[in-house]
Amino acid sequence: QLQLVESGGDSVQPGGSLRLSCEASGIPYSSALMAWFRQAPGKEREGVANLYSGGGWTFCANSVQGRFTIFSISRGNSEKTLYLQMNSLKPEDTAMYYCAAVLNPARRDSCRWSEYTYWGQGTQVTVSS
């Protein structure tokens, strides 16, 4: 059973940093595409970045390039932690952030939430002065 559990969300001032974590268990990471999405109140869920097998990544939101980094650390054959390092945070980064995964994806990477099968419960990030 694949499980995703996010943590690390908090309230910070503009310009601050946060590191979100997503503990993934029961996942054959060699065939998984993993991603971070976010959803602000009243807005659609949008892709932030994804990490595909082989270690490459794609940024889905142009606004985060140069400020966010996505990476992962494997903790065994079927456990993995996905991270989202967020620097120079802005008020517009305020949202619920979700970790997502799909096994054996049809494409190498995807920014479409509908293509992901597994989701975490979300962690709230608030950027405000």
Side-chain angles (χ1 to χ4, degrees):
Q1 180 86 22
L2 194 152
Q3 290 186 322
L4 304 174
V5 180
E6 303 99 329
S7 62
D10 205 345
S11 295
V12 297
Q13 293 187 343
S17 296
L18 283 174
R19 177 175 289 186
L20 305 184
S21 300
C22 172
E23 301 285 345
S25 59
I27 183 170
Y29 59 82
S30 61
S31 62
L33 172 63
M34 299 188 71
W36 286 99
F37 286 79
R38 65 185 180 183
Q39 188 166 18
K43 295 188 177 181
E44 292 187 357
R45 189 169 299 189
E46 68 167 347
V48 176
N50 57 72
L51 191 69
Y52 46 88
S53 59
W57 64 88
T58 300
F59 284 106
C60 303
N62 291 331
S63 63
V64 308
Q65 291 198 46
R67 299 189 298 122
F68 291 9
T69 303
I70 184 171
F71 62 99
S72 68
I73 296 176
S74 298
R75 301 175 286 116
N77 292 331
S78 62
E79 294 186 338
K80 187 175 191 177
T81 303
L82 181 71
Y83 296 95
L84 185 68
Q85 177 68 41
M86 305 187 295
N87 299 326
S88 302
L89 283 162
K90 303 176 180 180
E92 50 264 43
D93 294 318
T94 295
M96 184 71 79
Y97 283 71
Y98 297 91
C99 176
V102 56
L103 303 181
N104 300 311
R107 298 184 295 173
R108 184 192 67 175
D109 61 339
S110 175
C111 296
R112 299 179 180 179
W113 64 265
S114 59
E115 297 187 8
Y116 289 79
T117 308
Y118 302 95
W119 291 86
Q121 82 288 352
T123 186
Q124 178 68 38
V125 172
T126 302
V127 185
S128 174
S129 56

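Side chains included, hydrogens not; waters and symmetry mates left out as well; all remaining heavy atoms used.
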Minimum heavy-atom distance M34-A101, with the two atoms named: CG-CB, 4.1 Å
Any pair counted as ring pair (Phe, Tyr, Trp, His ring centres under 6.0 Å), so long as it reaches residues 110-129, sequence neighbours left out: F37-Y116, F37-W119
Distance, nearest 0.5 Å, that separates OG of S114 from CZ of R45: 11.0 Å
Any pair counted as salt bridge (Lys or Arg N to Asp or Glu O under 4.0 Å), so long as it reaches residues 8-20, sequence neighbours left out: none
Min side-chain heavy-atom separation S110-P105 under 4.5 Å: no
Residue pair L103 / A32: nearest heavy atoms and the distance that separates them: CD2-CB, 3.8 Å
From OG (S72) to CG (L82), nearest 0.5 Å: 6.0 Å
Straight-line distance of S74 OG to E79 CD, nearest 0.5 Å: 10.0 Å
Derivation and outcome, side-chain contact (heavy atoms from CB on, under 4.5 Å), residues V48 and Y97: CA-CA 9 Å; V48 176; Y97 283 71; 4.2 Å; yes
Donor-acceptor under 3.5 Å (E6 side chain, C99 main chain): yes
Inter- and intrachain pairs under salt bridge (Lys or Arg N to Asp or Glu O under 4.0 Å), touching residues 111-125, at least two apart: R107-E115, R112-E115
Pairs where residues 118-129 contributes a residue and the test salt bridge (Lys or Arg N to Asp or Glu O under 4.0 Å) is met, not counting sequence neighbours: none
Separation between OG1 of T58 and CZ of R108, rounded to the nearest 0.5 Å: 5.5 Å
Disulfide (SG to SG under 2.5 Å) pairs, two or more places apart, involving residues 100-129: C60-C111
Test log, rule side-chain contact (heavy atoms from CB on, under 4.5 Å), inputs V5 and Q121: CA-CA 7 Å; V5 180; Q121 82 288 352; 4.3 Å; yes
Beyond-backbone contact of L20 with M86, side-chain heavy atoms, under 4.5 angstrom: yes
Heavy-atom closest contact (S129 atom, P14 atom, distance): N-CD, 3.7 Å
Passing candidate, ring pair (Phe, Tyr, Trp, His ring centres under 6.0 Å) with Y83, options W36, F68, F71: F71
Straight-line distance of I73 CD1 to S21 OG, nearest 0.5 Å: 9.0 Å
Heavy-atom closest contact (G122 atom, M96 atom, distance): C-SD, 3.7 Å
Inter-residue atom distance L89.CG - S11.OG, 0.5 Å rounding: 11.5 Å
For D93, all residues meeting side chain to side chain donor-acceptor pair (under 3.5 Å), sequence neighbours excluded: R38, R67
Residue E44 excluded, over 12 heavy atoms near CD under 6.0 Å: no
Verdict with supporting geometry, S7 and T123, side-chain contact (heavy atoms from CB on, under 4.5 Å): CA-CA 6 Å; S7 62; T123 186; 5.5 Å; no
Working for side-chain contact (heavy atoms from CB on, under 4.5 Å), residues V125 and T94: CA-CA 5 Å; V125 172; T94 295; 5.8 Å; no
Donor-acceptor pair between T81 and E23 side chains, under 3.5 angstrom: yes
